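Here the structure comes first, spelled out in structure tokens, and everything after it is commentary.
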2 protein chains.
Amino acid sequence: MDRRRTEKNDETSAQGRPTLKTLAFMTGLGVTTVSRALKDAPEIGAETRRRVQLVAKQIGYRPNRAGVRLRTGKTNVISLVLNTEQEIMSFVSDIIYGVSEVIADTPYHLIVTPYSRSQDPLDPIRYLVETGSADGVIISRTQPNDARARYMLEHGIPFATHGRTDMGLVHPYHDFDNHAFAVEAVRRLASMGRRKLALLAPPVGLTYHGHTVNGFADALSEVGASEVPFSTVSIDHSIEQIRTRTAQLMRRDIRPDGFVSSAAAATLALVAGIEDAGLKLGRDVDIVSKQSSDLLHLFRPELLIVNENFRLAGSELARSVLGWIGGAAPGSLQSLSVPGEVLAYRRSTD
Amino acid sequence: MDRRRTEKNDETSAQGRPTLKTLAFMTGLGVTTVSRALKDAPEIGAETRRRVQLVAKQIGYRPNRAGVRLRTGKTNVISLVLNTEQEIMSFVSDIIYGVSEVIADTPYHLIVTPYSRSQDPLDPIRYLVETGSADGVIISRTQPNDARARYMLEHGIPFATHGRTDMGLVHPYHDFDNHAFAVEAVRRLASMGRRKLALLAPPVGLTYHGHTVNGFADALSEVGASEVPFSTVSIDHSIEQIRTRTAQLMRRDIRPDGFVSSAAAATLALVAGIEDAGLKLGRDVDIVSKQSSDLLHLFRPELLIVNENFRLAGSELARSVLGWIGGAAPGSLQSLSVPGEVLAYRRSTD
DNA sequence: TCAATATACTGAAACGTTACAGATTGCCAA
DNA sequence: TTGGCAATCTGTAACGTTTCAGTATATTGA
């Protein structure tokens, strides 16, 4: 059953996977020459290079990852660090697919490194750095003063953040312009005559919470509308919590006639809460909501919708990390995604 | 900048990561002894073993993955093979989290290996096997006669399928009992007086399409209801397609008064189509739908819901693969998840 | 007492790769 | 002719690990 070779040389017939040694034997060259020929090193004769590459292609040679990794330290791995308690209707799959698209034609593999909310978010990063498990890292849930970004910068490992930081440190990122989103949302609500607006914001602590809150505030004063505070819940809260808090809010004398919501799942809860309070979407209140997959319009056609493309985010993040690994300047690997227009499926005038 | 050691021995002070050599030096033992001591080999003295393990823990020794992999061929990697064009509201993140949970306390890493629908689904599998990139594989979208399962069985790589096969070959799987789901769904609809039922089924070709269709048919004859054929669309079709086909169906003279739907996103489209035709959920028609995240009840409280837990599926699949890798009999690593009861949030009698 | 055996440990080799430090050849200038 | 040099190619060592084939010491049996 276990038919191992007794000879040291495997230059005979049946082999497992071809290695450099196999190629060296087939071409009559040395292992070193083959190695260099495959990576287009300058001191290899043009014909030799072609010959080696041809044979390599023919027999389907693939470099052994472990060999490369052991020798060079290069893992050819990108790690996507994810929070395990991500909410419902998660965008995670979109990001993964976006990343996959980009690394598909590279030798890179994507590993998913999870952490639970109870853990220190720095734990998985430390693990990756200490064990040298990846050449590059992608993180999300970015904070203005992000310990993970600082740590990776200090340890010299390339990374990209989904969302910006605000520490005066420069690193690649991709972000959705949530300030612009909030501004457009408020303008839209104002244009429909809504004057008392509430914001269902991202969780406090994350950078885009600030962006969203600021955009909301800026636009409020621009259009001369007022805010009904609604900061007891964020989109990170459970469906039930958002729903009950919303219902409470809507039963007060002073209640909002318009909402800006930063996430689709939260919007479902928001609508439920509004209806629990006996009010009607499109008549008593309007909502502008972000979504990452195209289904809110099915939920309630009165919803006003702005799309955020997480697949694009994944692609951009992957491109950024690979760019940094490839030696590009981190400052040149930053991108901001501008929100599209607010989409309406049925007018609130019905 | 590049302060490499000139000495061959790194037994001096500042090092990067500790290796077996480091431990050997610190303990005064040979590298071999240290290696064996760490894995509780029998021929190591009890005290030596303890001493080595203590020191290893103290200095935070972590075996170098590349070294192990090169020497032993063990990758300590599980690959999750995913279709990149997965629909909206994807369960992918749940599966990933489920897998992560299980491998968290193991040396395993999870890599995501994507393939697009245009590709041969066998491609990623071949890649994994040929390059020896993983110790175990998890696949979904399983077919009765699944070329991937056959291929992996032939090549002796442990795997688990999400969904069963029907080839007379034995391998680990986890599946949701879709036959039971369809039966319960039909019974429920029948108990509400619905007699003409339609099925929004999984895509033809996948094993659970058959299970669902059979369960549906079995229960129909059990309760004496009739079927309104609706096989022009499956849950794999786009939201728009399902919606328009549903509307067409519901405008016919003979239209269903009950639906069984195999996916939440499809149900959204189904409801939209029904309402496009001017009919009302809970009055003209009832729907029993599967869902994997808890939000359909927010969409329409009249919906009847059965939950499918994909996180559990991920965990079970991971456990199975690890079990097989660990030498368990593949036949002992099969599990079937029984659907919970049909959940109602508001009675259709309203 | 001697040999046999068990116990505890060890060095060398190998996995596949790349970097370093040559080695060989041919050509040209002096 | 000689030396120098460019152009190609090559062997060896090393990355960190495990396995193989030992070695050394203590213990046992006769």
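Below, chains carry the letters A, B, ... as their sequence lines are ordered, and counting in each starts from 1. Hydrogens, waters and symmetry mates are skipped; everything else that's a heavy atom, side chains included, is used. Please read all numbers here as calculations on a predicted model, not as lab measurements.
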B:Gln143 side chain vs B:Thr165 backbone, donor-acceptor pair below 3.5 Å | no
Which nucleotide in the set D:dG16, C:dT18, C:dT17 lies at the smallest distance from any side-chain heavy atom of A:Thr72?
-> C:dT18
Go through the side-chain N and O atoms of B:Ser79 and B:Thr113 and say whether any donor and acceptor fall under 3.5 Å apart.
-> yes
Would you say B:Ser315's side chain and B:Arg311's backbone share a donor-acceptor pair under 3.5 angstrom?
-> yes
When you match A:Ser35 and B:Pro42 each to their closest nucleotide on DNA chain C, which lands nearer the 5' end?
-> B:Pro42
How would nucleotides 21-27 of chain D be written as a contact map, 5' to 3', with B for base contact, S for sugar-phosphate-only contact and - for no contact, using protein heavy atoms under 4.0 Å?
-> -------
Please indicate whether B:Arg164 has more than 12 foreign heavy atoms, meaning atoms of other residues, nucleotides or ligands, lying under 6.0 Å from its CZ.
-> yes
Assign B:Gly28 to base, sugar-phosphate, or nothing according to its heavy-atom contacts below 4.0 angstrom with the strands shown.
-> sugar-phosphate
A:Lys21 side chain, from C-beta outward: closest of C:dT17, D:dT17, C:dC15 = C:dC15
Nearest whole angstrom, please: distance from the C1' of D:dG16 to the CZ of A:Arg69.
-> 12 Å
Length of the CZ-C1' vector between B:Arg17 and D:dT17, whole Å = 12 Å
Rounded interatomic separation in angstrom, taking CG from B:Leu20 and C1' from D:dC15 | 13 Å
A:Asn64 side-chain proximity, nearest of C:dC9, C:dG16, D:dT18 | C:dG16
How about B:Asn64 and B:Arg69: does a side-chain donor come under 3.5 Å of a side-chain acceptor?
-> no
Look at the side chain of A:Ile44 and decide which nucleotide, out of D:dC9, C:dT18, D:dG16, has an atom nearest to it.
-> D:dC9
Measure the angle between the two terminal helix axes of the helix from C:dT1-D:dA30 to C:dA30-D:dT1, five base pairs each, and quote it to 10°.
-> 60°
What's the verdict on side-chain contact (heavy atoms from CB on, under 4.5 Å) for A:Thr75 and A:Tyr108, showing C-alpha distance, side-chain angles and the deciding distance?
-> CA-CA 8 Å; A:Thr75 62; A:Tyr108 284 90; 5.9 Å; no
Could you check how far CZ of B:Phe25 sits from C1' of D:dG16, rounded to whole Å?
-> 18 Å
Shortest non-hydrogen pair, B:Leu29 vs B:Thr48, comes out as CD1-CG2, 3.5 Å
Give the nucleotide from the list D:dC15, D:dT17, C:dC9 with an atom nearest to the side chain of B:Glu43.
-> C:dC9
To the nearest Å, give me how far apart CG (B:Leu23) and P (D:dG16) are.
-> 12 Å
Nucleotides 23-28 of chain C: protein proximity per nucleotide (B base, S sugar-phosphate only, - neither; heavy atom, under 4.0 Å) = ------
Over how many whole Å does the gap from B:Leu70 atom CG to D:dT19 atom P extend?
-> 13 Å
Nearest-angstrom distance from the residue atom CZ of A:Arg50 to P of D:dT8 = 12 Å
Would you mind telling me which of D:dA13, D:dT17, D:dT18 lies closest to the side-chain atoms of A:Arg71?
-> D:dA13
With DNA chain C as reference, determine whether B:Leu29 or A:Lys39 sits nearer its 5' end, using the nearest nucleotide of each.
-> B:Leu29
Can you spot which of B:Val99, B:Ile138, B:Val137 makes a side chain to side chain contact (heavy atoms under 4.5 Å, CB included) with B:Val321?
-> B:Ile138
Gap between atoms NZ and C1', on B:Lys74 and C:dA14 respectively (whole Å) | 20 Å
Residue pair A:Gly73 / A:Asp135: nearest heavy atoms and the distance that separates them = O-OD1, 4.2 Å
When all nucleic acid strands are considered with a 4.0 Å heavy-atom cut-off, which category describes B:Gly67: base, sugar-phosphate, or nothing?
-> base
Taking the side chain from A:Arg17 and the backbone from A:Arg62, do they hold a donor-acceptor pair closer than 3.5 Å?
-> yes
Grab the two heavy atoms, one from B:Leu110 and one from B:Ser100, that are nearest each other, plus how far apart they are.
-> CD2-OG, 4.3 Å
Do the ring planes of A:Phe91 and A:His162 sit parallel (below 30°), tilted (30 to 60°) or perpendicular (above 60°)?
-> perpendicular
Intermediate values then yes/no, side chain to side chain donor-acceptor pair (under 3.5 Å), B:Asp175 and B:Gln334 | CA-CA 8 Å; B:Asp175 204 354; B:Gln334 306 171 331; over 6 Å; no
Nearest to side-chain heavy atoms of A:Thr33, which nucleotide of D:dT10, C:dT17, D:dT18 = D:dT10
